[in-house]
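What follows is one structure encoded as C-alpha cells, with my remarks underneath.
Predicted model, so just to flag it, every value in this text is computed and none were measured. Numbering starts at 1 and runs along the sequence shown.
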Amino acid sequence: MSIPIELIEEPKSGKRKRVIVSGGGTGGHIYPAISIANALNKVDPSIKILFVGAEGRMEMEKVPAAGYKIIGLPVRGFDRKNMFRNISVLYRLIRSIFIARGIIRRFHPDIAIGVGGYASAPVLLAASTKGVPYIIQEQNSYAGVANKLLARNAKKICVAYEGMERFFPKKKIVVTGNPVRQELVDCHLTHRQSLSFFDLEQGKQTLLILGGSLGARTINETVAANLDMIPSHIQVIWQTGKNYFEQVTQKVGNKNNVKVFEFIQRMDLAYAAADLVISRAGAGTISELSTVGKPCILIPSPNVSEDHQTKNAMTLVEKEAAIMIRDNEAAEKLMPMAISMVQNPEILEPLADHVRLLGKFHSAESIAKIVMDIMNRK
C-alpha cells in the first residue's frame, strides 16, 4: 500500500504541532476520536491532525465528513469463530505496523492518540518503535489485551471508569470519561420539537431502539418478532443499522407509530424525543446515555472480547442507573419489559436521575489538555 502523498506534509518545520489519532471501526470509537480532534483545534487551530483507521470501516467515511484527513490500514479484527482465518489477520497486522511506521516517519507527529479499534494497536506500536509519545483512551470498564500491553510505554491512559488500576499503572491513569458528540452536549431543543422532527405525536411515550450502525441481530430480530405487542399509544424511533434496514422496513409496513431508520444523523434529537432507550452496551453509547440522562435497557453483545459490554452494563446496573437483559434472554424478556417500563414514570425517573450523575461533560477538553501538556513538555 502506498501512502497518499497529499495526506503527508513536507518535513516538519516551525512550531506547528502534529497529532495522529488512531482507531475506529464503530461509531463508539469514531465519534470520541473526532471530539478529541475538535477539542485540540479549539486549543490551537494551527495543529495538524491526521487520522489513521481501518480500510473499509466507518471511519473512512465519517472522518472526512468531519473535515479531517484519514489513511486506512489493511488491519482486521481476530476471528474468534474460525481460527484459520487469523493467519491472514496476522499478516494484515504485521503489514499495518510497517505501513504505520512509514506514516509516522513521513508525518513527524509530536504525539499519537489511540482510541481503540483495529487501527489503534498498529499505530501505537509503530509510534513506540519510533520514539513518539502516545496516550491511550480506554473506553471500557474492562481493558482489552492490546491496551494492557501498550500501557507499558504510554505517557497517560485516559479512562472512563474508576478502578482501572486493575489493568494499568495507577500513576498513568487519568479519569476523563469518554468524549461524546458535541451536539449532544449543546442540544437545546425541547422534547416537543424533537418529536416534531421525527413526525411523532405529543403525549405518547416514545421508545428509542438502537440496533447499531451495522445492525444488532438480537435487538432487531426480537423487536421485529414482537411488533404486535406495541400498543398504539406507544411510538418508536428505530435505528436498525445497515444490515437490517430493508427487512425491518418490510416487516413494519404501514405502522404509523414505528419510524424506521438505517442510521440516525440527529442523535441529539433522537435522545431528546425518547422516554426509554434500548441499546447494546458499547462504551460510547453508555457515555452518551449518561450525558443526556436517559433511562435505558442494555443488551450486551456476546460477540466482543472479554465480554466487556456486560462489564460496561454492570457498572450502571450496580449504581441503579440501567436495566440489563442478557442477549440469550432478550427474545423472551425485552419487549414485555420495555413496554411496561416506558409507561411507568416511577421506574424511569430514578433511572434517569442515577445515570445522569455518571455523565462527564468535558471529557474531550480534558484529554486535549493532557495531549497539549505532553507536546509542550516534549
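No more than 12 heavy atoms of other residues, nucleotides or ligands shown are found within 6.0 angstrom of CD on E162. Within a 6.0 Å sphere centred on CZ of R356, other residues, nucleotides and ligands contribute more than 12 heavy atoms. More than 12 heavy atoms of other residues, nucleotides or ligands sit less than 6.0 Å from atom NZ of K172. Within 6.0 Å of the CD atom in E61, the count of heavy atoms belonging to other residues, nucleotides or ligands does not exceed 12. Other residues, nucleotides and ligands contribute over 12 non-hydrogen atoms within 6.0 Å of the CD atom of E183. Other residues, nucleotides and ligands contribute at most 12 non-hydrogen atoms within 6.0 Å of the CD atom of E201.
Side chain of E262 to main chain of F245: no donor-acceptor pair is present (N/O by atom type, distance under 3.5 Å, no hydrogens or angles). Put simply, the side chain of R92 gets close to the backbone of P74: a donor and an acceptor are under 3.5 Å apart.
In the model, H233 has a side-chain atom that pairs as donor or acceptor with a side-chain atom of Q343 under 3.5 Å. In the model, N178 has no side-chain atom that pairs as donor or acceptor with a side-chain atom of Y31 under 3.5 Å.
A salt bridge links D327 with R280; the closest basic N to acidic carboxylate O contact falls under 4.0 Å. Contact check on D373 versus K369 returns a salt bridge, with a Lys/Arg side-chain nitrogen under 4.0 Å from an Asp/Glu carboxylate oxygen.
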For I111 and K17: C-alpha separation, side-chain torsions, deciding distance, then whether side-chain contact (heavy atoms from CB on, under 4.5 Å) applies. CA-CA 9 Å; I111 193 169; K17 293 184 167 58; over 6 Å; no
Worked verdict on I299 versus I278 for side-chain contact (heavy atoms from CB on, under 4.5 Å): CA-CA 8 Å; I299 303 95; I278 295 173; 3.5 Å; yes
side-chain contact (heavy atoms from CB on, under 4.5 Å) for V52 and I99? Distances and angles first, verdict last. CA-CA 11 Å; V52 180; I99 295 171; over 6 Å; no
Assess the residue pair N38 and I34 against the criterion (side-chain contact (heavy atoms from CB on, under 4.5 Å)); give the C-alpha distance rounded to whole Å, side-chain angles, the decisive distance to 0.1 Å, and a yes or no. CA-CA 6 Å; N38 291 341; I34 293 172; 3.7 Å; yes
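Taking 4.5 Å as the limit, some side-chain heavy atom of Q202 sits within range of a side-chain heavy atom of S196. In this structure, N41 and Y68 have side chains that are in contact, with non-hydrogen atoms separated by less than 4.5 Å. Two residues are said to be in side-chain contact when any heavy atoms from C-beta on lie closer than 4.5 Å; V43 and L40 fail this criterion. No side-chain heavy atom of E59 sits under 4.5 Å from any side-chain heavy atom of F51. Taking the side chain as every heavy atom from C-beta outward, H354 and E320 approach each other to under 4.5 Å. You'll find the side chain of K130 reaches within 4.5 Å of the side chain of R101, heavy atoms only. Residues I70 and M60 form a side-chain contact, since some pair of their non-hydrogen atoms from C-beta on lies under 4.5 Å apart.
A side chain to side chain contact (heavy atoms under 4.5 Å, CB included) with K156 is found for exactly one of I173, I374, I367, namely I374.
The two residues F168 and N147 come nearest to each other via the heavy atoms CE2-O, 3.6 Å. Heavy-atom minimum distance, F107 versus L50: CZ-CB, 3.7 Å.
The CE atom of M337 sits 6.0 Å away from atom CD1 of I297, with the distance rounded to the nearest 0.5 Å.
Note that K311 lies outside the cation-pi zone of F167, set by a 6.0 Å cut-off to the ring centre and a 45° limit from the axis. A cation-pi arrangement, defined by a distance under 6.0 Å to the six-membered ring centre and an angle within 45 degrees of its axis, is absent between K259 and F198.
The side chain to side chain donor-acceptor pair (under 3.5 Å) test applied to N243 returns no partner, not counting sequence neighbours.
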